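Heads up: the structure comes next, in structure tokens.
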Amino acid sequence: MYKLHSTCRACGAKSLLPVIDFGFQPLANDFQAAADARAGAAPLKVLYCPACTLAQLSVVVDPAVLYSNYPYVTSPSQTMLDHFASLLRDLEEERGGTLGKVLEIGSNDGALLKFLESNAESVTGVDPAANLVELAEAKGIQTHRTNWCSAVADLLDCTYDTIIARHVFAHCDDWWDFIKALHLVSHANTVVAIEVPYAGDLLDKNQFDTIYHEHLSYVNLRAVNSLLLETPFYLAKVIRYPIHGGAMLLILRWRTAGAVPVPSDSIDSERWRNLNGRAREMMQSLRSMVKVLGGSKSYRVCGYGASAKSTIWLNGCGFTHQDLAFVHDVTPQKQGKLCPGTDIPIIGDRASLETCTHAVLFAWNFAAEIIAKEEPLRRQGLKFIVPVPELKIIE
Ligand code: DWN
């Protein structure tokens with residue numbers, strides 16, 4: 001199900017240092033019905049490259065296992081729509097006008113391309129998940145069902161004016177081929193926009209629960225500059241967004257004479273080693289809080305948001321159905337399934353939420369919207385427990 005990874009995917013260095021080790025963990029999106037087989041577990045260990053500072057997992061899980069049928073759909077939240085609007089504004093500014101022919105790599109259910117299509121000459125998606133391609137096609141978004149690689153780029157046999165890759169680059173193992181494929185479908189004025197979680201935000205805000213097998217790399221600027229050195233692209237601009245706990249949009253353009261890349265940042269290995277310790281402390285704190293609440297008949301605790309992040313918390317804390325009665329989630333593909341590695345059911349009905357006194361917010365990256373949306377439940381007494389960046393109960 002996985003292979004070992006020991007050579008830096010950004011700079012090729014072979015001496016990678018272990019900095020975080022969460023042991024064997026289930027796959028974060030392995031939501032299965034009780035009767036169905038689980039995908040299994042794999043080592044969850046982060047290695048650090050002292051040469052270019054890229055943090056990256058020690059294994060690569062087979063993409064076919066992870067993505068052939070993918071339960072995560074782009075959030076239909078207002079938070080995400082607001083982010084799409086920011087993306088559109090910034091991309092049109094970068095293009096100096098409309099988006100032209102748009103290609104999205106990792107286009108999921110077509111939500112972003114649907115949002116952009118009225119500002120584009122054409123929109124085309126690429127995604128490996130059969131279930132997501134079906135949803136995208138139902139929206140009228142032409143989508144090629146495949147992983148992104150240079151062979152696919154050859155098949156497309158055209159170039160695009162705007163190429164977008166949101167939260168897929170950090171999921172990709174062969175960065176050299178990813179970039180080679182981009183070059184095959186771009187031209188001298190193409191704007192390539194790669195959105196990734198920023199490793200600096202992950203470290204600053206204790207977002208250890210975003211470390212899971214889909215996220216092969218934890219991207220920073222020095223590693224990107226190092227990768228691009230030997231390619232036809234350079235890092236022309238970086239735009240920061242708050243989405244998913246803190247992301248950066250890497251604007252890549254064809255390298256021209258005098259092109260000066262965005263300066264590198266610097267993230268040292270000690271910050272990763274410190275996060276390893278903080279993660280254990282934070283999981284112990286949440287475990288203690290939930291165990292104390294569960295010890296009283298006055299309290300009933302559930303989870304809110306069966307995110308990939310929730311899998312890290314549930315398994316790291318050793319929670320069972322006895323600790324969290326269920327995890328509430330609006331995603332149809334997840335309802336009726338069990339949280340990976342646990343016996344905790346995922347439900348979508350609202351009535352069950354009303355039976356609880358506390359809800360651990362595993363979708364903390366949407367906290368503002370969710371806490372506002374659930375004001376009526378909060379008035380009835382439901383308290384949200386927000387685990388990141390620091391554990392706190394929202395009174
Ligand atoms: O990179 C990835 C990021 C971008 O998205 C993927 N590898 C996997 C995925 O991570 P995630 O599952 O942690 O993403 P979310 O969007 O933080 O998950 C939120 C979960 O909460 C979803 O299952 C939907 C659910 N939700 C809900 O039940 N009610 C979300 C909102 C806003 C709500 O109101």
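A quick note: this is a predicted structure, and the numbers were derived from the prediction, not measured. Whatever order the structure lists ligands and atoms in, that order sets their numbers, starting from 1.
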Give me the nearest non-hydrogen protein atom to atom 28 (O) of ligand 1 as residue plus atom name, then the distance to 0.1 Å.
Val330 N, 3.0 Å
Per-residue contact class, Ile370 against ligand 1 - non-hydrogen pairs under 4.0 Å
side chain
Proximity of Pro197 to ligand 1 by residue part, where a heavy atom lies under 4.0 Å
neither
Nearest-neighbour protein heavy atom for atom 22 (C) of ligand 1, which is reported as residue plus atom name and distance
Asp329 OD2, 3.5 Å
Write out the residue and atom name of the closest protein heavy atom to atom 11 (P) of ligand 1, then the distance separating them to 0.1 Å.
Ala308 N, 3.5 Å
Determine whether Leu47 and Ile20 fall in the same hydrophobic cluster, where Ile, Leu, Val, Met, Phe, Trp and Tyr are linked whenever their side-chain heavy atoms lie under 4.5 Å apart.
no
If you scan protein heavy atoms around atom 14 (O) of ligand 1, the nearest is Tyr72 CE1, 3.5 Å
Under 4.0 Å between heavy atoms, the region of Phe362 that gets near ligand 1 turns out to be neither
Who passes side chain to side chain donor-acceptor pair (under 3.5 Å) against Tyr72, sequence neighbours left out?
none
Tell me the contacting part of Tyr70 for ligand 1: side chain, backbone, both, or neither, using a 4.0 Å heavy-atom threshold, strictly below.
side chain
Closest to atom 2 (C) of ligand 1 among Glu195, His244, Gln78, His215 (heavy-atom distance)
His215
Arg378, CZ: over 12 other non-hydrogen atoms inside 6.0 angstrom
yes
Do the ring centers of Phe362 and Tyr304 come within less than 6.0 Å of each other?
no
At less than 4.0 angstrom from any non-hydrogen atom of Thr331, what atoms of ligand 1 do you find?
22 (C), 23 (O), 24 (C)
Within ligand 1, which atoms have a heavy atom of Ala363 less than 4.0 Å away?
19 (C), 21 (O)
Testing Arg379, Gln380, Arg350 for side-chain hydrogen bond (donor to acceptor under 3.5 Å, both in side chains) with Glu374, which one passes?
Arg350
For atom 15 (P) of ligand 1, which protein heavy atom lies nearest, and how many Å away is it?
Lys309 NZ, 3.8 Å
Side chain, backbone, both or neither: the part of His171 lying under 4.0 Å from ligand 1 by heavy atom
side chain
Atom 34 (O) of ligand 1: the protein heavy-atom neighbour that sits closest, reported with distance to 0.1 Å:
Lys373 NZ, 2.5 Å
Atom 18 (O) of ligand 1 [closest protein heavy-atom partner, distance rounded to 0.1 Å]
Ser307 CB, 3.5 Å
Atom 10 (O) of ligand 1 sits nearest the protein heavy atom Tyr212 OH, 3.3 Å
